[in-house]
Amino acid sequence: MSDNDFFALTPLLLLSGSAVLIMLLIVAKLSHRIIQISSLILFIISFSSLFYIQKILPYNVGTLFVVDGFGVFVVGLVIFSGLVVNILSYIYFEEKEEGPREYYVLLFLCTLGASVLALSKHFIALFLGLEILTVGLYALIAYLRGRNHSIEAGIKYLVLAAFSSAFLLFGMALIYLETGAMEFQDMIPESAKSLSHLFYTGLGMMLVGVGFKLAVVPFHMWTADVYQGAPAPVTAFIATASKGGVLAVLLRFFIAIDGFKFSPVMFTLTCIAAVSMIFGNLLALRQRNLKRILAYSSVAHMGYLLVAFIPGNLMSLQAVCFYLFTYFVTTLSAFGVVIMMSGKNDDAEDIDEYRALFWKHPGQACILSFAMLSLAGIPLTAGFTGKFYILATAIQSGYWPLAVILVLSSVIGLYYYLRVITAMFTGNKNTIPEEREKHVFFFRTGMLALSVLGAMIIWLGIYPQDVISFISQALVTSDLLFTNF
Amino acid sequence: MNSSVSTEIVMLLAGLLFVLGITGVVIRKNIIFMLLSVEIMLNASGLAFIAAGARWGQPDGQVMFIFILAMAAAEVSIGLALILQIYHQHKSLDIDKLREMNG
Amino acid sequence: MNNLLWLIPALPLAGFLILVAAGKHLSNKLVALTGVGSISLAAVVTIIVGFNFLSSPPEGGAYAQTLWTWMDVAGFSPKIALSLDSLSLVFIFVITFIGSLIHIYSAGFMAADKDYSRFFACMNLFVFSMLVLVLADNLLLMYLGWEGVGLCSYLLIGFWYENPANGYAARKAFVITRIGDTAMALGLFTIYYQFGTLVMSEITATAPSVWQSNSSIATVTALLLLAGGMGKSAQLPLQTWLPDAMAGPSPVSALIHAATMVTAGVYLIARMHVLFELSATAQMIVAVVGAVTLLVAGFSALTQYDIKRVLAYSTISQIGYMFLALGVGAWTAAIFHFMAHAFFKALLFLAAGAIIEALGHEHSMFKMGGLKDKMPVVFWTFLIGAASLSALPLVSAGFYSKDQILWYAWASDKGSPLLWLTAFLGAFTTAAYTTRMMILTFLGDSKTGIGHHPGKLMTIPLIVLAFFSVVAGFIELPHNFGHFTLFSDLLHGVLPSTVLRADESSEWKFQLLAFVATFGGIYLVFIYYYREPYKIERLRESPSFQWLYRFWHGGWGFDRLFDLVFVTPFVFLAKINKRDVVDRFYEGIASVTNHLYRLLSATQTGSLRWYIMGMVIGAIIILGLQIML
Amino acid sequence: MILVWLIGILMGGGTAALVLGQWNKTIPRWIALVTVLTGFLLILIFWMDQYQTIDEHSADVWLIDFKRDWILSFGISFHLAIDGLSLLLLVLTGFLGILAVLCSWKEITERTGFYYFNLLWILVGVSGVFMAMDLFLFYFFWEVMLIPMYFLIGIWGSENRIYAAYKFFIFTQASGLLMLLAILGLYFIHGQNTGIYTFNYFELLGTVIPSGTGLWLMMGFFVAFAVKLPVFPFHTWLPDAHSEAPTAGSLILAGLLLKTGAYGLLRFVIPLFPVAAAQMALPAMILGVIGIVYGAVLAYSQTDLKRLVAFTSVSHMGFVLTGIFAFNELAFQGVVMQLVTHAISTGALFIMAGMIKERLHTRDINQMGGLWSRMPKMGAIGLLFAMASLGLPGLGNFIAEFLILLGAFKVSIWITVIATLGLIFSAVYSLRIVQKIFWGPQDGYGNIRDFSLREILVMTVLTLSIVGLGLYPQPVIDTASPAIHKLVLLLEADKSNIGKEIKYQESYVR
């Protein structure tokens, strides 16, 4: 490995280094507060390193990784998500757990895993990233082991994730068997005709594995339980970083093997997208648990993302990136409010706990409203621009049925997003937890972070041009562009 | 490298193991057995990798197998920890009793 | 002088605005002064303008005054413009003159009412609308007046709104006339697209060249206008509102439901006579409608208890005569009868109002009686009015006007023996119910004590009207008694003269027959009701007579028929659909969605094994798809 | 620039009301009043200024045009422009805005800051809709109207407000998304035809669209506008929303939000898809007529005053739809008049309903009666607007309905004949209002007062406008006429092009 290789991998190295460093700090028996702050700083450093490596993009690190604009963009999102989760975690864990320090190590590891995924261009790297992420998540989900739901969620996630990993691995093995290559771009078949059933089977099994991670129908059933059972910050992380990384690698994989020309696969994906949008929205319809609502909503949103994904052209790439961005921001702010609202014993799950939030704490209520409206795709918010982008992509390539399904299902979705907002301005219950007073600094920081997220939602809704240009720029320096476009 | 066993046979074995694993996961109620079955599935994949590597005469398959082993180990360790907790809380390892979250 | 024309409608409007804006703060005296004053001034201006008109007839036979362009859209540019010709002159004279008399009467009649100013405001608005109706130079502006009088009629019928029955009567009146109005609006559309204008003089000038005689478009258009007229003028089958409209105060009945508004249909048809002349069918229908109406209403009038309802049916019947006249092409005769009718019917209503007021709001004639000596002024004036109504030969205005119609019904080229026969029968009936009313009200024993006598404000208008009820007839005399044709000469600038098919020399025979009808009617009723009342008692016992009596009393069952055919189904549909059946569809969608949610939600069992099962099935489907496709 | 100012003032005012509302409950309403007054004056002065120069036959109908790049990647610009039609509707927006603030003056006592914020932001959305000449921007404003309205209904509405708010939001959003699809379809068709990807309205005009696709795209727009208008089978959100909203909400819903639907049909559906719109004309007119009759019948059966008035809106908007698809100048001008006068008359009825509710605490007309003797002023005004609603000549609505019917008569006699049934039914329901509320025996209400000074002011202004429009509608007609004229020319040009159109289609089909 050359110096340049190391240079290109700086963010990953920083992340793994941070994990080690935090571990050492824990050994030094430093307080939660210090660990939190130092991990915050480390996150910021890792995040800034992304800008630092801009100039050498795109860059191939051996056969395993490619550091290009697209990858860096997704890594940026992932680290950003880790950063936000980190900021919001202090109060949440301080109230609940005796030793919340290891949590930060795991957070770094998971971030690392998702980042590795986003940069990988090889089965081994893919597997590695996926497992770093997943194994970390097992622990994170069950982190608050005192709670019943945590353990239940943990074991469900563990069994299912391992189960799906097995599918993924078997699929990879089949493809490897068929093509003799583990690096994505080497397994490009000359023509679709020469492909055997074995290859398709392999691809199908990989879809099962990836489908689980993305939580699309029919592999969505775990989502709600895990979202509900996991600590709210972890849920936020699962909802964003883990899905973003997996989607990135899926995209990279498909572009590399030009999977868009395999009609059975694309047909499958189309069905999955359609069913995910419909089922996701329907499942959330009268759900009263906010975390479960967000879980089902994420199912639908993954469906939307697949709609953008399916056309498989440059615009679809941009749409996916843009939507991921808006989805990250939105989901993080939604969960952010949940985290802030959560009390000592339980998360603020039931939407009744949000009654009258508008009058009691307008700031949080506004941010949650923004998030909900954004998820619903109402103009003025990021979600609308994102959805607009997706619709444009779909229509440009003539995927009218998908576009129509997207529209109709998001109408169903409207109902439950509105229910959350409605809950916030009805009733008179005071549910603001008291401990906010104890951690004024962290509370303020948290609110600041949330406000920034809220502002970003609006900013993306009103003036998305900067981000769109930024994404186009990032994609220009993407390896995957040169190979197939 | 001369292989006396054809790739097809090994793949068939891997496939069988995989299906066996699936069956195990689906029909067993005891969490430990479920975990075990998942391990079987993972190992089936590992086997498939080795076979594939063998077919192309590359070490990559075996590398992958080692990774799989490592990951399986990590997974099992966390899994067992969780199972302990479950037993602690529920006094049972019946997975069907663990369905508090639904809807 | 024609620039004074705008003042005629403007004065009542000003009165209305003052009363609306400040009515609550003015004393009753000031209110009356404003109300009566504005109309009287309008009457004065009318007389000045009319005098001018007669002394120096304008070119083209009409004064015109354009105030402003109402709107201008794609060549459709109706103007707010007034036009005065001899026809409208007759009308505005009647409206302002009788209007001011009735206002004066009302000042006394309504004195005790708490809503004194509201009453005068509405009355002023009515006079304004009516003047706009007859002065309008185009059909659209006329339509404004047309609907405006409808509104005022509504407001005044429902003047005593606290009794819901009055409100319902008002609503009925408005809605039924609206049906006619709507047909008329359609007529307006047709006319606009046929002639490219709604100015009446232009239409009448160009119609004969645009339309062929008896073309179907002419018939349809004429019939649509007729429908408008039928609504306003309470002709069959839209007559049912007028008897109920008697819920309003008596001056209202006198002004609106006798003298002016209800004759708007006559005005409309006379004004658009060219269109009707182009279609023999339409004109015949006008005649038939008139003939049938006059008979139907006449028989109904014979059986009423309520004095105002008698008068109401009588009004319908008399307007039927006017329609008959229009239908047979006796244009001036119709207008002449309108004028005579305005005088004597206003008189009758006002007198009836005085009686009702005096008897403490007693409407039933069977509870009156013996008023001849107690209220002499009312009696005598009422008698003159009744004489005129029953067309007492030679001395009453009604005789001259009705006689003309009877004659033309026979003699005009569009007349027929059958039409004459109905008119003749009608004359008989008219005499009969008038006499019945007189006998029941004024003769016999007194049954109800008199509260207070009408004051001068009320009696003077009665006397003036009585005077005109006699005198008005003499301006138009048949050729065999002096052949004085002042009135028809006046109108011949606007309305064509009637083409006769019979020889004028036979007219005396018909006059003689009319004598017989009138006196026959009077005599018969006199015998049955006064001289030998047991006869009527005996008659009442026969079931078929009872049935007939009830049938006529109920206005020939029209109300029940309409209720059955239109009102009940409408109300029923409205009731059952109150919650909007379309919404059920959307609720259906919502509930399907909800069911889907339940169904899907049930799949989220929480059981890990179930989830795995789901994944396995999903995997099988996906792999199946990969292999199959 | 004046357009940007208008939007800016409203936005700023709203935000200021929200922020300052934290301190004091009465400040927001003053801020709101000043804001809407400023906005109204601004646009009114502009109107006065332009009125003399408006010429029916001038080729350039656009009075102002303001354009800045917004999202370049999609060819989206911040493009505002107005012609006479938009100008009229903007004036109406300002006018009703003032009334809305005034009639909320006493009614809203809770969370005033947020209330006026929402109110003003609805106005932002509405004015934006009337000005936007970029389809994306249009859609953007189209949706911006919804959220604050949702809050307005959901927070300050009456008992069943949540249901109503949902229904309102979901109906309009669902149809709006279909429009978004259609907008995108148009965008790409235009892009593929010309290579220029833009949402600019002026560029998209005259896009050659294969006829099958054109019909679908047109339907996308049509449904969105039909729901807003509302057209017969899509009307069911309206009674709920209207009856549950606070007075100002009902006022703005009826007065402005419904108008955006008609505006959209005139501005987008017909010019962008003349061929498809022509195919749609007969069904649309039939729907309009059904709406007229159906709305009227339902209005008759209602016992909730606001619901009743809401159904009358359905009926009146049926006239609008019929008029729009009659495709001639008379009908178009009638439609414009109807938009303005319906806003005033129905708005007045809603305000009145609000005032009655304030006094009697009920909207059930069966529990009212005899109010005339207690409140003669309100009685007179109520009567006047009931009359306006039934189309009494001399009041603005008559002109509108007459022109529409006259225009429609040219196209289809039978449809017009059925539409005139609406005139009869409108008499039936309007008089029912008068009968049930003002007439009849008076019950033992407590101490109720007649109009206060503020209420007199509001009602006087409304009365003067409706009478003024009834007797001299020419300013409105003149202002709208260049735009209408252009629309008619476009349709005529299109008629003569029908032969060519078919050739186009063949070549496109390959």
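Quick note: numbers below take in every heavy atom, side chains included, and nothing from hydrogens, waters or symmetry partners. Here is how names work: the chains are called A, B, and so on, in the same order as the sequence lines, proteins then strands, and each is numbered from 1.
- In C:Lys575, the NZ atom is not crowded: 12 or fewer heavy atoms of neighbouring residues, nucleotides or ligands sit closer than 6.0 Å.
- In this structure, chain C has heavy atoms under 4.5 Å from both the backbone and the side chain of D:Phe402.
- In this structure, the portion of C:Thr69 lying under 4.5 Å from any heavy atom of chain D is its backbone and not its side chain.
- Contacts between D:Ser426 and chain C at a heavy-atom distance below 4.5 Å involve the side chain alone, from C-beta outward.
- Ring geometry, C:Phe570 versus D:Tyr300: the interplanar angle falls from 30° to 60°, so the pair is classed tilted.
- In terms of heavy-atom pairs under 4.5 angstrom with chain D, the leader among C:Ala183, C:Gly148, C:Gly158 is C:Gly158.
- Comparing D:Ile170, D:Ile484, D:Asn328, D:Thr303 by heavy-atom pairs within less than 4.5 Å of chain C, the highest count is held by D:Thr303.
- The part of C:Ala170 that comes within reach of chain D is its side chain, from C-beta onward, which places non-hydrogen atoms under 4.5 angstrom from that chain.
- Only the side chain of C:Trp68 comes within contact range of chain D, with heavy atoms under 4.5 Å apart.
- Remark: C:Arg584 CZ is packed, more than 12 non-hydrogen atoms of other residues, nucleotides or ligands lying under 6.0 Å away.
- By the 30° and 60° cut-offs, the orientation of the rings of C:Tyr116 relative to C:Phe120 is perpendicular.
- Cation-pi check for C:Arg118 over D:Trp372 is met; the charged atom lies under 6.0 angstrom from the ring centroid and within 45 degrees of its normal.
- For D:Leu298, the part lying near chain C is the side chain, with the backbone staying farther off; criterion is any non-hydrogen pair under 4.5 Å.
- Between C:Tyr143 and D:Phe398, the two ring planes are parallel [angle under 30°; tilted spans 30° to 60°].
- For the pair C:Phe189 and D:Leu405, the minimum side-chain heavy-atom distance is below 4.5 Å.
- Both the backbone and the side chain of C:Val581 come within less than 4.5 Å of a heavy atom in chain D.
- Each of D:Thr420, D:Val476, D:Leu421 has some count of heavy-atom pairs under 4.5 Å with chain C, and the biggest count is that of D:Thr420.
- With a threshold of 4.5 angstrom between heavy atoms, D:Lys167 approaches chain C through side-chain atoms but not through N, CA, C or O.
- Neither the backbone nor the side chain of C:Ile576 comes within contact range of chain D, judged by heavy atoms closer than 4.5 Å.
- Note: D:Gln302 leads D:Gln333, D:Gln302, D:Arg307 in heavy-atom pairs under 4.5 Å with chain C.
- Between C:Phe119 and C:Phe159, the distance separating the two ring centers is shorter than 6.0 angstrom.
- Residue D:Phe332 does not touch chain C at all, counting heavy-atom pairs closer than 4.5 Å.
- The greatest number of non-hydrogen atom pairs below 4.5 Å with chain C, out of D:Phe438, D:Tyr294, D:Phe311, is found for D:Tyr294.
- Of the atoms belonging to C:Tyr168, heavy atoms from both backbone and side chain fall under 4.5 Å from chain D.
- With contacts defined as side-chain heavy-atom distances shorter than 4.5 Å, the pair C:Glu147/C:Arg178 qualifies.
- Ranked by heavy-atom pairs under 4.5 Å with chain C, the first of D:Ala427, D:Pro473, D:Gly440 is D:Gly440.
- Most heavy-atom pairs under 4.5 Å with chain C: of the set D:Val434, D:Val488, D:Asp240, D:Leu471, this distinction falls to D:Leu471.
- With a 4.5 angstrom heavy-atom cutoff, D:Leu390 touches chain C via backbone and side-chain atoms both.
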